[in-house]
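All remarks here apply to the structure that follows.
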There are 2 protein chains.
Amino acid sequence: MIIDGLQCGHFDRKSFESLKLAGVAGVVVTCGFWEGALESLDSLGAWRDLIGENADIAAIAKTPADIVSANEAGKVAAILGFQNANLLEGRIRLVEMFAELGVRVIQLTYNNQNELAGSCYEAEDSGLARFGKEVVREMNEAGILVDCSHVGNRSTLDAIEASGKPIAVTHANADSLFAHKRNKTDDVLKALGQTGGVIGCATYRNITGDAYCATLEAWCTMVARTVEIAGIDSVAIGTDRSHNFTAPDYAWMRQGRWTRGVDYGAASAARPGKAPPPEWFPNVEDINVIPQGLRSVGFSEEEVAKITHKNWLRLYEATFRKSET
Amino acid sequence: MIIDGLQCGHFDRKSFESLKLAGVAGVVVTCGFWEGALESLDSLGAWRDLIGENADIAAIAKTPADIVSANEAGKVAAILGFQNANLLEGRIRLVEMFAELGVRVIQLTYNNQNELAGSCYEAEDSGLARFGKEVVREMNEAGILVDCSHVGNRSTLDAIEASGKPIAVTHANADSLFAHKRNKTDDVLKALGQTGGVIGCATYRNITGDAYCATLEAWCTMVARTVEIAGIDSVAIGTDRSHNFTAPDYAWMRQGRWTRGVDYGAASAARPGKAPPPEWFPNVEDINVIPQGLRSVGFSEEEVAKITHKNWLRLYEATFRKSET
């Protein structure tokens with residue numbers, strides 16, 4: 001069983017077919033980046049339609065038990081997530097309502113500072129701001145997992161401290177293994193490990209580096225080194241893979257409505273386009289080579305299970321709301 | 001037990017205390033008139049806060065069973081309703097989501113024509129429009145009661161026809177008993193009666209008339225005449241009583257953002273202000289005289305029970321969504 005801590009893009013039937021073929025039981029899908037409340041409701045509506053139209057092979061999971069039962073029924077479970085807090089439009093009371101509508105993961109910031117926290121790309125990471133502290137507490141209560149993947153390291157440490165429940169970095173790598181603003185410093189990874197949090201190791205080339213992308217064994221070695229920092233209970237997979245992404249999607253993701261200029265996100269002016277996938281991971285269904293790769297670098301069966309799904313399931317159990325009422 | 005099919009205004013603890021004192025088990029509260037989707041989420045948030053702060057004497061009811069159990073626990077049940085479809089902002093998919101957030105009654109139009117239907121104050125009632133037909137069907141599916149109180153007679157007949165479930169006129173009177181644009185013609189009342197729908201007889205002076213407001217017996221005589229038109233299973237109470245309403249609230253309710261001028265709603269230029277309550281119903285807790293008034297004009301105990309609560313409970317059972325999932 002594999003659970004992927006983050007994917008994005010325009011899913012279609014083929015996406016679910018590929019994920020099913022790969023043995024992916026569940027995936028946190030990105031329902032929005034810069035969308036406000038109403039646009040986010042539209043996105044949730046579109047996701048309901050998509051899942052409804054593919055109900056034979058896909059399901060929306062609101063609990064870890066939903067993921068397991070979807071998997072047993074031969075379906076891929078979509079866990080609804082947002083990569084930004086714009087859906088809240090500054091309103092604390094919307095946290096609970098979006099939870100009731102099925103949202104289970106919210107990233108505190110995307111690439112820019114917002115009312116909640118500082119992002120990884122800001123010159124100065126403010127730390128968790130007043131509204132951010134309120135939202136983290138509210139997410140704890142409402143049963144939504146706090147995601148800090150694009151959040152600055154200082155704000156992430158603040159979020160770990162402020163949260164009454166463990167948090168996630170759903171898709172990033174260790175900065176000490178591949179230096180990049182999007183990656184997390186060792187103190188963040190250790191704090192995650194000490195509090196039951198989980199980092200999903202990414203396969204996105206821009207934040208993984210060519211060396212770790214070259215072979216499956218190289219990437220799994222990176223995972224093993226991340227385990228040395230964060231601990232075996234706090235490392236999982238978060239590929240950051242995208243489905244059917246085209247230039248306008250990258251423009252929206254990176255520039256939203258916040259700039260008239262160009263922003264490269266995790267890419268750079270020197271390499272602005274779509275980063276090629278790792279050599280060992282050309283198509284999303286190739287994710288199923290990861291368990292064998294983890295074994296080949298020395299992980300036991302139980303350790304492989306933790307990295308591929310058990311750590312996410314435990315974290316979801318600790319953080320997702322228990323029921324719909 | 002009394003259920004009031006519609007009240008509005010700014011509820012506070014004293015409102016619930018008064019309603020509890022009056023033996024009101026449940027009341028459909030107005031969460032919005034002209035508010036869009038986000039403003040409506042704000043309103044729902046405020047209602048959650050209000051009920052949470054007064055949880056010893058109030059509760060939000062999502063099912064008729066919730067009303068009964070709230071009443072047994074000595075609490076007043078608030079059923080969340082909107083007097084307009086603006087909360088949908090033209091989006092069919094929001095019907096289900098607002099249902100999941102607890103909304104149980106939506107009026108298709110307020111005083112103005114909208115994308116759904118024609119209103120009672122338009123020179124020409126278009127009948128149920130394309131989006132209106134979609135929304136009625138979606139409300140049937142999602143478990144929200146269709147309310148046509150301010151909707152034009154033609155559109156109301158269309159809604160009765162289009163709806164797979166009985167509908168309501170939560171707060172209006174018979175036009176043949178007191179002629180007013182807000183009141184319903186006999187063909188509408190008969191169609192309601194033939195389809196299991198319910199009209200809540202209003203006590204709002206502007207649409208009830210001074211004669212029926214003069215004494216309890218006069219008003220109960222109006223109810224008895226309404227029963228002769230619609231049938232004993234289709235007549236209930238919908239006072240249209242407001243709590244803590246002041247001039248700016250009337251301005252918002254009547255003018256919203258749609259005019260730079262003045263609109264009088266059910267009032268008139270000759271009598272523009274707040275209409276005085278019926279002589280027999282000065283304060284909301286005086287609603288508890290109604291059962292005795294109904295007996296005095298000849299209704300049996302069973303008939304009194306139907307008018308005061310059983311007809312609403314039956315309609316809610318037929319239309320409200322069954323569960324939260």
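Just so you know, these numbers use all the heavy atoms, side chains as well, and skip hydrogens, waters and symmetry mates.
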*All side chain to side chain contact (heavy atoms under 4.5 Å, CB included) counterparts of A:Asn84, not counting sequence neighbours*: A:Trp34, A:Asn86, A:Tyr110, A:Asn114
*Do any of residues 45-61 of chain A come closer than 4.5 Å to chain B, heavy atom to heavy atom, and if so which ones, in number order?*
A:Gly45, A:Ala46, A:Arg48, A:Asp49
*Side chains of A:Leu41 and B:Arg93: does their closest heavy-atom pair fall under 4.5 Å?*
no
*Considering only heavy atoms from C-beta outward, does the side chain of A:Leu38 approach that of B:Glu89 to under 4.5 Å?*
yes
_Ion pair A:Asp42/B:Arg91, N-O distance below 4.0 Å_ = yes
*Is it the side chain or the backbone of A:Ile92 that comes within 4.5 Å of chain B heavy atoms, both, or neither?*
neither
_So for A:Leu94, is it side chain, backbone, both, or neither that comes closer than 4.5 Å to the heavy atoms of chain B?_
side chain
*A:Glu39 CD: over 12 foreign heavy atoms closer than 6.0 Å*: yes
_Minimum heavy-atom distance between A:Glu100 and B:Leu101, given as atom pair plus value_ = OE1-CD2, 3.5 Å
